[in-house]
Amino acid sequence: MEDRDSVTWNSMVAGYVANGLDMESFKVFHHMGLDGAKLTQSTYASVIKLCANTKELGFAKQIHCQVLKNGIGFDHNISTGLMGTYSKCNEMDNASKIFSMMHDKNVVPCTAMIAGYLQNGKMDQAVNLFTQMNKEGVRPNNFTYSIILTANSIVSPFQVHAQIIKTNYDRYSSVGTALLDAFVKLGNVNEAAKVFELIDEKDIVAWSAMLAGYAHVGDTEGAVRIFRWLAAEGVKPNEFTFSSVINASAASAAAVEQGKQFHAFSIKSRLNNALCVSSALVTMYARKGNIESANEVFKRQGERDLVSWNSMISGYAQHGHGKKAHEVFREMQRNNMEMDGITFIGVITACTHTGLVDEGQQYFDIMVKDHHINPTMEHYSCLIDLYSRAGMLEKAMDIINMMPFAASATMWRTILAACRVHRNLDLGKQAGEKLISLQPQDSAAYVLLSNMYAAAGHWQERAEVRKLMDERNVKKEAGYSWIEVKNKTYSFLAGDRSHPLSVRIYSKLEDLSTRLRDAGYQPDTNHVLQDVDDEHKEAILSQHSERLAIAFGLLATPAGVPLQIFKNLRVCGDCHTVIKLISTIEKRDIVVRDTNRFHHFKEGSCSCGDYW
DNA sequence: TTAGGGTTAG
């Protein structure tokens with residue numbers, strides 16, 4: 001094609017832009033200049049859109065000048081395109097200048113401007129413009145609604161919903177998706193599901209958003225139901241669909257097998273290497289107790305971002321692999337990766353779970369001094385945890401007194417728990433009172449305080465705490481443990497006799513108990529809350545839910561197969577001792593996930609180094 | 001000419 005006219009050139013540029021071929025479009029545009037082709041309004045509009053896509057601010061400014069210099073009129077396309085580019089590059093002043101000079105501010109530039117404000121965190125201005133356009137009779141369209149609904153900190157989805165229903169825009173996939181997501185962010189999945197069902201033609205974004213909604217509230221079954229439904233409708237999942245369903249498979253209620261199956265499915269769909277999928281896999285495997293698989297996925301990641309690195313560090317931290325978390329951190333440094341506050345929460349937590357007090361403090365210092373990251377409440381919480389677990393309660397209190405925040409309930413809970421372990425009754429009392437005043441309905445505060453009194457043999461004070469609990473009608477969460485055998489989950493309460501194999505389970509416990517004593521085990525009855533005699537205390541200990549789950553696991557699986565137990569509360573000190581011994585006498589690796597971390601029991605010792 | 005979904009901590 002020799003004599004190319006401007007229309008041909010323009011359609012080339014526009015075509016490439018529409019197909020996301022940014023570099024090709026730039027090349028063509030460059031050729032146009034060399035060829036001396038006439039640049040029209042639509043050429044400029046295309047190339048400005050290109051700048052918005054690629055955030056080429058400098059180039060956009062040049063184009064802006066050329067348009068002014070060559071006397072090309074600012075039509076809607078050029079103006080809106082420039083606004084978009086400036087918005088994306090955090091130059092809101094320039095964007096609003098162009099907007100204010102536009103004569104006919106119809107719905108499109110208004111919407112683009114609202115989007116710009118929201119991208120730059122200017123919530124108030126976005127909402128003001130939305131209100132103003134309504135007042136001036138400019139009717140919002142589906143784009144406007146889908147954008148304004150993302151301003152969930154200011155705009156109530158309930159209010160906008162009413163307005164949207166009148167216009168029927170809720171049947172549009174884009175609007176319905178934004179609306180359902182706004183409900184999810186309020187924690188209202190039921191409302192989100194209602195919105196989802198009303199969407200006429202659900203596209204993959206809508207399906208993925210609904211799936212993410214169930215994942216968000218930890219409803220694994222809901223997420224799997226959506227996944228099956230979309231598959232049955234012949235919809236092809238994309239990387240976001242997989243990352244959400246894998247994330248839902250990381251919930252504690254999900255079976256270990258479930259995550260593996262979605263992993264396999266993502267491989268079949270050739271989406272397992274997408275960054276968001278592989279990072280979700282790292283987290284899922286780590287949370288489900290399989291730190292080796294988490295690391296396998298991590299090692300194979302072709303590209304990594306901050307989230308990938310953070311996921312691996314946090315995974316190691318939860319499993320008490322302090323050294324490995326440290327190694328990943330070093331590797332991050334060698335790769336000149338940028339780090340954020342979450343990276344440091346990961347490494348400090350790893351130090352906490354390994355008892356590396358000095359190192360934990362050093363990470364905190366490096367974070368502030370070298371990385372200029374402002375410590376948040378969470379970082380101070382980590383430090384307090386670091387010192388408390390090591391028994392350095394004075395140091396922990398120093399931090400509470402010097403930090404620029406008021407101490408949170410979480411912090412007092414940490415102090416209180418440490419006071420129980422390290423027998424510091426005075427401070428424990430103080431922390432317990434603070435905690436109860438901050439969260440009068442939280443059973444943990446009362447339970448910890450009464451545990452502490454029980455451990456110190458102060459039965460009178462313990463009774464008072466219990467009385468207060470009754471008066472305020474605060475219920476203690478029941479402790480239970482569960483184990484998966486052949487894809488079925490079996491859960492046990494303490495002293496539970498509801499399982500069909502109950503008789504065999506209890507006789508297995510008896511058998512273990514004899515062999516434990518032969519191995520030199522002495523029950524530590526400090527972990528029993530009830531005010532009863534020692535013999536009775538031992539009986540209570542021996543029926544803790546984790547032991548029932550382990551006894552069942554030993555009966556229900558062949559010799560040598562590792563067991564994995566989950567518990568909704570922290571493992572008690574006596575059970576911890578017992579499980580270490582069981583791992584030797586039964587020659588089994590046992591992994592226990594409690595609310596805090598993973599314990600890997602092997603040949604008589606635990607990965608936490610008796611420190612948790 | 002304007003748009004909606006995901007992954008990391010505690």
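A note on names: the letters A, B, ... follow the listed sequences, proteins ahead of strands, and every chain is numbered from 1.
Counting any heavy atom pair closer than 4.0 Å across all strands shown, A:Ser173 reaches a base atom. As judged by a 4.0 angstrom heavy-atom cut-off over every strand, A:Gln318 is placed among residues touching the sugar-phosphate backbone only. Within 4.0 Å of A:Asn238, counting heavy atoms only, lies at least one base atom of the nucleic acid. Using a 4.0 Å heavy-atom cutoff across all strands shown, A:Asn141 reaches at least one base atom of the nucleic acid. When heavy atoms are screened at a 4.0 angstrom cut-off, A:Ile147 is found touching the sugar-phosphate backbone but no base atom. Across all strands, A:Ser381 comes closer than 4.0 Å to no nucleic acid atom at all (heavy-atom distances). Residue A:Ile204 is classed as a base contact, given a heavy-atom separation below 4.0 Å to a base.
When distances are taken from the side chain of A:Pro109 to each of B:dT8, B:dG4, B:dT1, the shortest belongs to B:dT1. Between B:dT7, B:dG10, B:dG5, one nucleotide has an atom nearer to the side chain of A:Asp181 than all others, and that is B:dG5. Distances from the side chain of A:Ser208 to the nucleotides B:dG4, B:dG10, B:dG5 place B:dG5 closest. Out of B:dT8, B:dT1, B:dG5, the shortest distance to the side chain of A:Ser311 is found at B:dT8. Each of B:dT8, B:dT2, B:dA9 was ranked by its minimum atom distance to the side chain of A:Ala112; first place goes to B:dT2. For A:His76, counting side-chain heavy atoms from C-beta on, the closest listed nucleotide (B:dA3, B:dA9, B:dT1) is B:dT1. When distances run from any side-chain atom of A:Ala178 to the nucleotides B:dT2, B:dT7, B:dG4, the shortest one goes to B:dG4. For A:Thr80, the side-chain atoms get nearest to B:dT2 when compared with the rest of B:dT8, B:dT2, B:dG4.
The base of B:dG4 lies outside donor-acceptor range of the side chain of A:Ser174, with no N or O pair under 3.5 Å.
Rounded to the nearest 0.5 angstrom, A:Ser279 OG and A:Leu275 CG are separated by 5.0 Å.
With sequence neighbours excluded, the residues that form a ring-ring contact (aromatic ring centres under 6.0 Å, His included) with A:Phe242 are A:Phe227, A:Phe265.
Residue A:Asn142 places no side-chain N or O under 4.0 Å from the OP1 or OP2 atom of B:dT2. Between B:dT8 and A:Arg287, a contact under 4.0 Å exists linking OP1 or OP2 to a side-chain N or O. Contact check, A:Arg139 against B:dT2: no side-chain N or O comes under 4.0 Å of OP1 or OP2. In terms of phosphate contacts, A:Thr349 brings a side-chain nitrogen or oxygen within less than 4.0 Å of OP1 or OP2 of B:dG10.
Between A:Phe183 atom CZ and B:dG4 atom C1' the separation is 15 Å, expressed in whole Å. In this structure, CE of A:Met102 is placed 12 Å from P of B:dT2, rounded to the nearest angstrom. Put simply, CG on A:Asn272 is 15 Å from C1' on B:dT7, counting in whole angstrom units. Rounded to an integer number of Å, the gap from A:Phe196 CZ to B:dG5 P is 15 Å. Distance CG (A:Leu82) to P (B:dT2): 12 Å, rounded to an integer number of Å. Remark: P of B:dG4 and CG of A:Leu179 are 15 Å apart, rounded to the nearest angstrom. One atom, OH of A:Tyr380, and another, P of B:dG10, lie 19 Å apart when rounded to the nearest Å. A:Met113 places its CE atom 13 Å from the P atom of B:dA3, with the value rounded to the nearest Å.
A:Thr343 and A:Asp340 share a donor-acceptor pair across their side chains, judged by distance under 3.5 Å alone.
Proximity of a side-chain donor or acceptor of A:Lys288 to a complementary backbone N or O of A:Ala254 within less than 3.5 Å is detected.
Aromatic ring centres of A:His371 and A:Tyr363: separated by at least 6.0 Å. A distance of 6.0 Å or more separates the ring centres of A:Tyr172 and A:Phe143.
Taking a 6.0 Å sphere around CD of A:Glu201, one finds it holds 12 or fewer heavy atoms contributed by other residues, nucleotides or ligands.
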